[in-house]
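In listed order, ligands and their atoms are each counted from 1. Because the structure is predicted, anything quoted here is derived from the model rather than measured.
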Amino acid sequence: MTKVELQHLSKQFGEVTAVSQVSLNAPDGQITALLGPSGCGKTTILKTIAGLLAPSAGDVLFNGRSVLNIPAEKRNAVMVFQNHLLFPYLSVGENVGFGQKMRGVDAATIRQKVDEHLALVQLPGLANRRPNELSGGQQQRVALARALIVEPTVLLLDEPLSNLDAHLREEMRQLIRTLQRSLNMTTIVVTHDQEEAVLLADQIGLMFDGKLAQVGPPSDFYERPSTRQVASFFGATNFLAGEKCGNLVETAVGPLHVAANAVPDGPVQLTIRPEHVQLAPADGRLPNQLCATVQEAIYAGTHTRLRLTLDGDIELTLITAPAAAKTIGVGTAVHLHLPPEHLWPLP
Ligand SMILES: Nc1ncnc2c1ncn2[C@@H]1O[C@H](COP(=O)(O)OP(=O)(O)OP(=O)(O)O)[C@@H](O)[C@H]1O
Ligand SMILES: [Mg+2]
């Protein structure tokens, strides 16, 4: 079991600040996702944990001890790269067993371990193929087997699902979760895809421009985003500008009840996710009832997305049942309910 801790980690490449003051705990035996747009420093952090890069400042700790003076091969942390880098002229078996051979492990033991690990990633019997005789998904799994064969306590995966189609992504995701649980490795996964991070990770660290913007369980990023940028990264959402007046927040669409305790005094941005805006009867029984006009109804198979306008040219988006697309046309007047518990004040 290994707990990984980053303390004020920074990395400078000449003029470029790739990582700036990142502090993060990756609890042992859990999956942490490092999420963020291209170029925000994710791979740099992973390489620093693996020992392939030295930080410019800050520290990397395993179980409370700095590993900066421990070389990569002794950290018991392995990294699977974004472009999985298999040796093209070696067979699958030789690729998986390569590190073992370098360490002088005998041939029979290597063969047995290779077979075991190919079975683990659900590729039994493919040891004699060449990488170019495998699909992209299979190559990805060979790269995973090559990492697992050294029995790491920390597994570092850089965009493990990025080259796969939707069906294979789901399979690979399941495989990573199953392996992570059964082998109990602390796993850090890098991805630029928020849905991927939510489906895979116990904890997410979201980064922009080399800095950590928010850390927490996936639901926090939907329910309690720390900034407008964080909220927007998790899909198109609604924002309402307002000002706190007593127990209410005065907005362009009228006074709203907000359940969160910590509404700051003065101007405030409220956010509410499209899936939390509800269509409601106009009976005045619920708080935060509003009238709106439908501008667009987009059928998306599993749901319908309604684009609405309210008084004062305010726009809101709402997600509702797929059948609504058939009954609610452009120009329809609807009544909305904004549940106070889902109106989140951005600090
Ligand atoms: N060896 C290097 N020399 C100079 N600049 C580098 C080097 N490696 C990375 N960078 C820069 O550091 C920043 C962070 O790069 P990094 O590879 O960590 O991003 P990333 O979040 O993994 O992006 P992506 O999602 O595209 O893989 C980028 O601006 C990149 O150009
Ligand atoms: Mg990268």
Checklist entry - Are the side chains of L346 and V268 in touch, meaning some heavy atoms are under 4.5 Å apart? => result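 No, their side chains stay 4.5 Å or more apart.
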
Checklist entry - Are side-chain heavy atoms of T186 and M1 found at a separation under 4.5 Å? => result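 No, every pair of side-chain atoms sits at 4.5 Å or beyond.
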
When you measure from [atom] to every protein heavy atom, which one gives the shortest distance, and what is it?
atom                    : answer
atom 12 (O) of ligand 1 : A18 CB, 3.3 Å
atom 25 (O) of ligand 1 : K42 NZ, 2.8 Å
atom 26 (O) of ligand 1 : S38 OG, 2.5 Å
atom 14 (C) of ligand 1 : G39 O, 3.4 Å
atom 15 (O) of ligand 1 : T44 OG1, 3.7 Å
atom 9 (C) of ligand 1  : F13 CE1, 3.5 Å
atom 27 (O) of ligand 1 : Q82 NE2, 3.3 Å

So, [X] versus [Y]: side-chain donor-acceptor pair below 3.5 Å or not?
X    : Y    : answer
Q21  : H8   : yes
E159 : H192 : yes
S23  : Q7   : no
T2   : D28  : no
Q12  : T17  : yes

Item to check | Spacing of L179 atom CG and L120 atom CG [to the nearest 0.5 Å] | outcome: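 L179 atom CG to L120 atom CG measures 5.0 Å (nearest 0.5 Å).
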
Checklist entry - So how far is it from T251 OG1 to E243 CD, rounded to the nearest 0.5 Å? => result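 T251 atom OG1 to E243 atom CD measures 11.5 Å (nearest 0.5 Å).
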
Checklist entry - Is the shortest distance from a heavy atom of G36 to ligand 1 less than 4.0 Å? => result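 The answer is no: ligand 1 sits nowhere under 4.0 Å from a heavy atom of G36.
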
Next on the checklist: Polar contacts were defined as any N/O atom of the residue lying under 3.5 Å from an N/O atom of the ligand; does this apply to G41 and ligand 1?
Outcome noted: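 Yes; the residue has a nitrogen or oxygen that sits under 3.5 Å from a nitrogen or oxygen of the ligand.
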
Next on the checklist: I want to know if ligand 1 touches C40 in the polar sense, i.e. an N/O pair below 3.5 angstrom.
Outcome noted: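 The answer is yes, given that C40 and ligand 1 share an N or O pair closer than 3.5 Å.
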
Checklist entry - ligand 1 versus H192, non-hydrogen atoms closer than 4.0 Å: side chain, backbone, both, neither? => result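 Contact part for H192 vs ligand 1: neither.
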
Checklist entry - Measuring to protein heavy atoms, does anything land under 4.0 Å from atom 31 (O) of ligand 1? => result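 No, there is none.
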
Checklist entry - Are any N, O or S atoms from T43 nearer to the Mg ion (ligand 2) than 2.8 Å? => result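 Short answer: yes, at least one N, O or S atom is under the cut-off.
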
Next on the checklist: Need the ligand 1 atom indices (1-based, order shown) with element for anything under 4.0 Å from a heavy-atom of T43.
Outcome noted: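 Every atom of ligand 1 under 4.0 Å from some heavy atom of T43: 17 (O), 18 (O), 20 (P), 22 (O), 27 (O).
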
